[in-house]
Amino acid sequence: MTRYIIRRLLSAIPLVLGIATIVFFAVNLAPGDPTLYFLSPGMTQDVIEQMRINFGLDQPVHVRYLRWLGAMLTGDFGHSISHSRPVLEVLVDFLPNTLILSACALFVAFLFGIIIGTIQAVRQYSIMDSAMSVVLLFFYSMPSFWLALMLILTLSLFARNVWDLPIWFPASGIVSVDYDFLTFGEKVRDRVMHLVLPTLSLALVLTAGIARYMRGSMLEVIRQDYVRTAKAKGLSEAVVVFKHALRNALIPVITLVGLYIPVLFSGTIFIETIFAWPGMGRTIYDAIFIRDYPLVMAGTFFFASMVVVANLIADVLYAVIDPRIRYE
Amino acid sequence: MSDGFLVARRRWRVVSAALPGLPQLLTGRWGTGWTVLLTWLGCLWVLTARYERVIGALGGAWDQSLALVTLVVSLIVAWTWSWRDVSGSDRPLGIGVSQWDLAARAFSKNHTAVAGLIVIIALYLVALLTPLLAPYDPAFQGNLITERYVGLSTVHPLGTDNYARDVLSRLLYGARISLAIGFVAVSISVTIGTLLGAVAGFMGGIVDGLIMRFVDIVISFPRLVLLITIIGLFGSSIFMIVAVLGLTLWPGTARIVRGEVLSLREREFIQAATVLGYSKRRIILRHLIPNALGPVIVAATLGIGNTIVLEAGLSFLGLGVQPPTPSWGTMVAVGRDDLLGAWWLSTFPGLAIVFTVLAFNLVGDGLRDALDPRLRT
Amino acid sequence: MKELFKKGLIGLGAVLGLSSCGGSDAGIGSNDPFCQQVIPAVETFMAEAREAHPIPDEPRYGGTVVLGTIGDMPDGLNSAVSSNYTDAQHQQFVGLMTLINYDAGGEPRAYLAEDWEVAPDGRAVTFHIRQDVRWHDGEQTDAHDVAFTYEAVTDPLTAFPNAAFWDHYVKGPDGVEVVDDFTIRILLEPHADFMDPFRTLGILPEHLLGDVPRDQLKLHPYGTQCPVGNGPFVFAQHVPQDRWVFEANPAFPEALGGRPFLDRYVYRVIPEQTTLLTELLIENIDVYIAPRPDQAQQIIDNQNLELLNFSGRSYVFVGWNARKPQLADPRVRRAITIGTNRAEIVEAILQGYGQVANTGVPPFHWAYDPGSMPSLAYDPDGARALLEEAGWQDRDGDGVRESEDGTRLSLSIKYNTGNQQRQDIAEIMQQQLSAVGVEVQPQVVEWGTLLQQINTPDLRDFDGVVMGWVVEFKLDDIDLFHSERINQPYAWSGTDNGDIDRLLEELSITADRTEAMALWREYQELLIEEQPYTYFYFPDRLEGVNRRVKGVEMDARGEWLNIKDWYLDPASR
Amino acid sequence: MMEPMLRVQDLRTYFFTDQGVVKAVDGVSFEVNEGETLGIVGESGCGKTVTSLSVLGLLPEPPAQIMAGSSVKFLGDEIIGADEGRMRNLRGNKISMIFQEPMSSLNPVYSVGDQIAEVLRVHRRMGRKEARDEAIRLLDEVGIPAPDRRVAEYPHQLSGGMRQRVMIAMALSCEPKLLIADEPTTALDVTIQAQILELLEELSLSHGMAVLLITHDLGVVAEVCDRVVVMYAGQVIETGTVNEIFTEPAHPYTRGLLASLPSVTNSGRRLNSISGTVPNPVDWPRGCRFRERCPEAGDGCEEEQALVTLESAGRSSRCCKTEAVNLTGAG
């Protein structure tokens, strides 16, 4: 297993490098450069040139590429231009926030998706089956930023100001401003409250796909002989479905973990902007436009690595769930 | 065949001549019934209510002519189809049915999917007929002081926007852009994806390896980041958007086709073709691709929906179709600023996106179920 | 294997659990060596200061005010490298101190400098620095800090973005003379509004930054990670893209009002304006900086909120590229201006929160006197007449005018991605100008690309561009319109007019206001004639403020102007 | 006479499909007595398997439905329409079942030990350790070598015969009164078949367990059964002891089946087969359902045939000519 993982990681290197290279040239060949952002009237071309030298932009693009590559291989991602800090520090600030959000969204999406898909399969062609499909597809069909705004308006603004509900969710941020003064229990609650809306916005979109996949997979599994065997053993339907059928039906669904990670990261760009979530999606988005080359490169590099890792996790999960699979 | 049956058929013909689709509707085939009936009534309504514009469209701009052609063709098709359907002999069921017939029958039993299909047909009809339908010029600005942000009214059924333009008209014209973007982008991606996937699956070896590594790169990259980088930095004309959307969507299709081809390659008829000495090109184009088409159609249907949503996302970032050209995405994105004050600005285009994408997804799901024998019951 | 599966789930739960209590408490900078040194020093001094200056027993003291804006502060308190408006506000009023500031009438008044004298020949200003101001780490603020800051911003290596402020001052060490520890003299050429730069320049601590190479100042952690100031608020925390937290400085000089009323002031970053408005409406934030005009009504309708508005320091315009053949003739540019109904646009886009601009002299400025200027009111017939006169006629009946040689009067107007108001202007101009036979094509370009297209001297790839300027109290259009700067980035219009050159030069050195007033009038008349820009409007600055925050004053000097005097209504705390 | 352990009476199981109502089981009655082995034989599609699944209530409803009037009594209690809880208590506990496909009847993602232990833990409330030890003992009993090692293995690591042994071990685990074996040997190699049948016979004797053996193979029936029920087109057409059926088949269909059986005595001769196929279950023929394939069809066969009890106990046939045939046979 360990050897397999190492081999997989090694074989992913060209993939990650390929992505990084494409992005490097796309960003660097685009018109404009970071100095434009610091311009103001009275700044002469000399000042601009001085800035370019300060940023190391006076070199031709291929030299910069090789330099970046060389530095990156030694773990040096350079200095972020817009954050005035080493890129790695910027990543350390933002990446965890995005990972928490993505992990929660992935967890919620899979939880909902698996449960709903299973119910749909067990009750195939019932009204509940169609109704759930339509409701999930409804969320899936919404542009995610619009869904996010709707959630803010309903679960936050209207819930508090119009409907006077006892619970309403904060519309932005990771924690309240008085977070530092809360007790431990209140801190946990505060974090969860802030997570609810962004997590839902990200997760609802994915749930439809997972449920759809799960339904198909489950439909195949519940026709298998071993499910009948399980029933003949006198197990309750819940045990039959959620123990015997579910674990088998999950096997193909696991692929989605790897497949959805890039989708999720794309989604964070909207969600982090709307919910003022200080994460990587928003940071990369800003960095692209400020042409903060080192940050864009490092960000995409980590996104790509994350996808590789997610696919690897999916493969390992296969082996965990399905004893027939052994990696040598 | 009994006499009673013939009498009934004659009566149905009369009904069909006046209201095509009604016989099908009354005999329980509500899917086809509604489609034909609504097309017929809708087109008749356009013909009468928008009589002047129909006349004006003769020799008008290309979109007007197209609308006119669409109008006439839809009327003719709706009428003759219903007539022939009513008078034609019943084909015996169960004998000599092809895979596609089976799929069609399975599909027609899936009510939500049929509803989705009706919505899609209606959407495309509306999009084509827009120049005849829209009450106003979508770019026309009314009086900025008095006619801005007018709510729903008889004059402006869906209100006006921040430039005092008619939201309904913009919604109708937006349908053309959004549907066209979805359609063209997916056509590009499906073509590329199918060809590359088929080649990879059939050739195997190094070719396969190279293509699939490239697919891996494109697929494991957050697509939006790539889109932002390209569109954001190199400009966001509608052609750019369509091209970039199309050129980044294909890897999914390529994977599906490759998978299908790999399994087809082992099947007898392909091996027979190889034994017969057909060229690789011919085998790929004539034998492999048509047989791998089912999943591709499903992917394409779902892809159109995804693309429409993605265009909306780009609009949110200010990278979508540029004003004043109305696209649903832009309308939602721009209108979101006024969600609290003028809710109609983003709500209607938002709902339009939701229902369109929903329709495409329902149809896609229906097709998937219908084309996959394992999921049939 | 089942166990493994379960463990996996527990593991996932643990990650979430851990993450849900793991802190973002620390903010950033805690692992930077500079910050590691500085932070404990500040903490120690502040603890002492709290002992020494107990909170007065008065109900106005205490509480937290949360303020929301759409963007982070890119350079924070590092005044030597920043050009951002919000950064500058925090340098002037929150974290740092400037030598002087302005009173409501725009007259200089003492702040860090207790007093000052201007040499009779106008070639030097001598400042006497307060002796009761300490940096937040306990060090005394003195003349050496001022000298250091002055040298830093006038050193080309620093690449201070607003270097133009110091055009008429003697740069570098030659321009500054430390008379004694609390007296400093700065040398300059006599010119108008020579005190203005001292209002904007937040003084930096020499004992912390003195050794930093000037070209490294931009990247130094001081600005955003652990700034040490001397202003009424002490930096406590910065979570990038999320928040800044400042706490009251108990050691702030009594003579300047002493400790602020608020215990804490939190600056939050919320990029989406609908979210911002929601947070204001559900009272998660107290102040929403600069809501859009179409959000104003929501704020007015809410009884807990108050909408403040004041004349801002910016104006919006379309800059014309006179190098293009269609736009070379001033009459064409003037026709475009009067062919556009700008009053309607102000009403429609700004909901009336703003004033039509005819030149770049803003309403808060003493030289503002629109009544005395030639009119540029909406006049489509006049516009047509002007175009005819300039030789542009619709020769082929397609509704667009052509010149004699067949050039169509077709213009692209560029604006940057994501700016609704600028898009609005371009679109409305397209609509309105088609009525006078001018074809306008709005074109959106991503900001960085746009800047490159318009700023690069040998590119200038645009006809018209919708832009905005934020002006200081000291107005200076030399970079925009002086023919000597025609190859510098901001000479968008390519104006080359001897009279304008002369007036700009005279204006920059005329210190007497009555004398200057006449020059300003002449200059503005020339601008109206020349029309390098079609000036659109001076938007009002709107602010949504929760009524529980009392004592808020905001005007053209800025939103943070008197933040140390804000307090919370004790009843609603 | 003692009350039979399982009494199935007029069982009718229909499937409601788009093509129409499939009357898979259409009025089946039979009994299983304590300790005996009853065989149900018939061609594929005659309703054997549906009958057995109906007894345990394992058919998906819809599309399947057990029609009103059907009755299945186990130890005197009606179990048609019994609530889920009661059924679950029967399944795997009092009545267990093994299936045709050992390859797919075991869950691939759980170890065989887990799957056996699960039954014990559900029905006998055993602890984890205890259940595992019992599982090892059971594996040993069904003749699996090195059971303590095999217990942790997964189905894909075992051969087909081994898996069927595991299924049997699982079925035996709660000492059921009745074991329903649905074509338990069909998918296995011939040599393995014999071993499995032997095992079944042995276990049924040692545990005093009745067996309902469903098969299409009369050879299997001859080997292990006490009594036989012959099914055709959803109905029972003949019952009797093995001896009676093999020596004096009463129904032409049974005779056809016997004639198509290869045996030592008729080796070298051409095997007979029954012409035609089982009719469409959506639309059974009126009258005798075997009429169209019956070599002896004639007058009276258009009538619905009743199951006629013959002279000996438990002997019956559904053919209007039975009596005559029997008389001549006796004479």
Side-chain angles (χ1 to χ4, degrees), chain A residues 114 118-130 214-215 217-255 314-328, chain D residues 18 49 52-53 55-60 62-63 84-112 114-124 152-157 163 166-167 170-171 173-174 176 179-180 182 187:
Chain A
I114 287 169
T118 304
I119 294 173
Q120 282 185 295
V122 173
R123 303 269 176 270
Q124 195 192 7
Y125 294 137
S126 68
I127 295 195
M128 191 153 59
D129 179 16
S130 327
M214 188 67 203
R215 177 177 178 270
S217 168
M218 197 59 157
L219 278 178
E220 258 177 66
V221 167
I222 53 177
R223 286 179 202 151
Q224 299 293 320
D225 290 343
Y226 54 79
V227 171
R228 198 176 54 190
T229 306
K231 272 191 211 154
K233 280 155 85 173
L235 305 177
S236 67
E237 192 181 359
V239 175
V240 171
V241 170
F242 285 103
K243 183 176 172 195
H244 285 268
L246 185 67
R247 190 153 159 193
N248 283 283
L250 275 179
I251 295 166
V253 175
I254 288 170
T255 325
D315 283 346
V316 172
L317 277 180
Y318 276 136
V320 171
I321 291 189
D322 189 345
R324 286 167 293 185
I325 294 174
R326 280 279 169 276
Y327 298 116
E328 301 308 333
Chain D
D18 297 325
T49 300
S52 63
L53 291 174
V55 168
L56 274 182
L58 288 180
L59 287 165
E84 257 309 290
R86 250 185 71 205
M87 287 308 288
R88 282 210 301 270
N89 195 30
L90 286 180
R91 290 182 199 139
N93 190 17
K94 300 280 183 348
I95 310 177
S96 5
M97 188 158 179
I98 57 179
F99 301 95
Q100 181 169 355
E101 282 290 344
M103 303 310 241
S104 59
S105 294
L106 287 169
N107 194 329
V109 300
Y110 293 103
S111 70
V112 295
D114 279 347
Q115 296 189 54
I116 298 171
E118 191 179 22
V119 192
L120 296 164
R121 297 183 61 189
V122 167
H123 291 299
R124 310 242 310 250
E153 290 191 350
Y154 289 89
H156 69 276
Q157 292 165 300
R163 287 190 222 181
V166 170
M167 282 297 290
M170 205 188 302
S173 54
C174 293
L179 172 71
I180 303 177
D182 183 0

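The sequence lines fix the lettering, A, B, ..., with proteins before strands; numbering per chain opens at 1. Only a predicted model underlies this, so the values are computations on that prediction, with no experimental measurement involved.
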Got a sec, which residues hit salt bridge (charged side-chain N to carboxylate O under 4.0 Å, His left out) with Lys233(A), two or more places apart in sequence or on another chain? Glu118(D)
Pick one of side chain, backbone, both or neither for Met87(D), based on which atoms fall under 4.5 Å of a heavy atom in chain A. neither
Look at Ile222(A), Leu235(A), Val239(A) and state which one has the largest set of heavy-atom pairs under 4.5 Å with chain D. Leu235(A)
Tell me, side chain or backbone of Leu53(D) under 4.5 Å from chain A's heavy atoms, or both, or neither? side chain
Indicate yes or no: at least one non-hydrogen side-chain atom of Asp129(A) is less than 4.5 angstrom from one of Arg215(A). yes
Let's test your reading of the structure: which of Gly85(D), Ala171(D), Ser96(D), Ser104(D) forms the most heavy-atom pairs below 4.5 Å with chain A? Ser104(D)
Is it true that atom CD of Gln157(D) has more than 12 heavy atoms of other residues, nucleotides or ligands lying nearer than 6.0 Å? yes
List in chain and number order the residues that pass side chain to side chain contact (heavy atoms under 4.5 Å, CB included) with Ala232(A), two or more places apart in sequence or in another chain; answer none if no residue qualifies. Leu58(D), Met97(D), Phe99(D)
